[in-house]
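For ligands, and for the atoms within them, numbers begin at 1 and follow the listed sequence.
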Amino acid sequence: MPPIVEIRNLKKRYAPTAGQKEGQYAVKGVNLTIERGEIFSLLGPNGAGKTTTISMMCGLLAPTEGDVSIGGHSIIRDPIAVKRMLGVVPQEIALYPQLSARQNLEFFGKMYGLGGTELAKRCDDVLEVIGLRDRQKERVDSYSGGMKRRVNIGVGLLHKPELVIMDEPTVGIDPQSRRNILDTVKSLNQQGMTVLYTTHYIEEAEELSDRVGIIDHGEIIALGKQGDLILKVGEKDVLLIKVGEVAAKAVDLLHGVAGIDGVTLADGGSDTVRVLAGRGRAALPQVIKTLDDNGISIQTVEVREPNLEAVFLQLTGRALRD
Ligand SMILES: Nc1ncnc2c1ncn2[C@@H]1O[C@H](COP(=O)(O)OP(=O)(O)OP(=O)(O)O)[C@@H](O)[C@H]1O
Ligand SMILES: [Mg+2]
């Protein structure tokens, strides 16, 4: 079976805007494969090219170069088959404010070719998923931003797509709706749906994704499983080991232990040793043994996980812009 998403050398050059001689490339040759059953996060700052990439994937924007296959169907040659397979949740909310949540779902469901009892059942199911069953009859313009976003997501799920693409669905909403959306993504995925999720929030990519692609200036600058990405850039775990007054001696003992890249006394007090290791947890047994062999007992250990922020910083030299 072909992968659910295959992006090949995808490029987009926009027409020049005022003051530009020639159009700029917003997407500069993206290659990406997404397997069935994944939650894949496309993580990147404002203007990185996330929405442009997604717009090409769902046929809203013609690529300047390259192609995308969804389930083996080319977006250029077979856009109808592609539309059947994917649900899109756009960054901008696209709902009728005077209609209720249910009426919106019914309207968009009909556009997808659903009707009758099937449509009614799908609306019931989707309202349950997005947690708005109780308030389905209220007008959308009376909803909070977060509730509107949830209806927006519901629209993308109506025709039970194999792949759902969500473009920054949690920007600017309340924590409760954000929680609902993240949990919805996970439960949809557990039911077998593949999810492509774009965000500029590192912690969301961390929580949700199997694999992450970091995009900046129209290019994928890192791609892979979170753990692999972190290791690849040489980001290290920090172990904070509290041993009491013998900390200085512990530092001496731990120098030269295999798998450890650095040992110092921790800041702000001399009862704790700070160990830097490529894989802190893997180094821990050797650390414990070395200290134990020398009669030093460990009071507490804290592992500070390296994170995607560190990866992004390493790659781009700056934090994610908001
Ligand atoms: N219609 C357009 N015409 C010209 N340039 C555009 C157009 N749409 C987007 N761009 C430019 O393309 C680049 C990528 O924009 P895009 O909207 O894809 O980024 P994004 O990653 O979705 O950002 P955000 O997180 O703000 O949504 C930006 O430099 C943007 O200014
Ligand atoms: Mg965008």
Between Q24 and ligand 1, which residue portion shows a heavy-atom distance shorter than 4.0 Å: side chain, backbone, both, or neither? neither
Tell me whether the centres of the aromatic rings in Y96 and F107 are closer together than 6.0 Å. yes
Just to confirm, does any protein heavy atom lie below 4.0 Å from atom 30 (C) of ligand 1? no
Under 3.5 Å between some N or O of ligand 1 and some N or O of [X]?
{"X": "T53", "answer": "no"}
{"X": "T52", "answer": "yes"}
{"X": "T17", "answer": "no"}
{"X": "G44", "answer": "no"}
{"X": "A26", "answer": "no"}

Report yes or no: does N31 contribute a side-chain atom to a donor-acceptor pair with the main-chain N or O of N9 at less than 3.5 Å? yes
Are any of the heavy atoms in G49 under 4.0 Å away from ligand 1? yes
Return yes when P45 approaches ligand 1 closer than 4.0 angstrom through a heavy atom, no otherwise.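 A heavy atom of P45 does come that close to ligand 1.
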Tell me, please, if T51 has any N/O/S atom, main chain or side chain, under 2.8 Å from the Mg ion (ligand 2)?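 Yes, T51 qualifies, because one of its backbone or side-chain N, O or S atoms lies under 2.8 Å.
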Has Q91 got an N/O/S atom less than 2.8 Å from the Mg ion (ligand 2)?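 Under 2.8 Å: Q91 contacts the Mg ion (ligand 2) through an N, O or S atom.
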Which of parallel (below 30°), tilted (30 to 60°) and perpendicular (above 60°) describes Y112 and H159?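 Y112 vs H159 ring planes: parallel.
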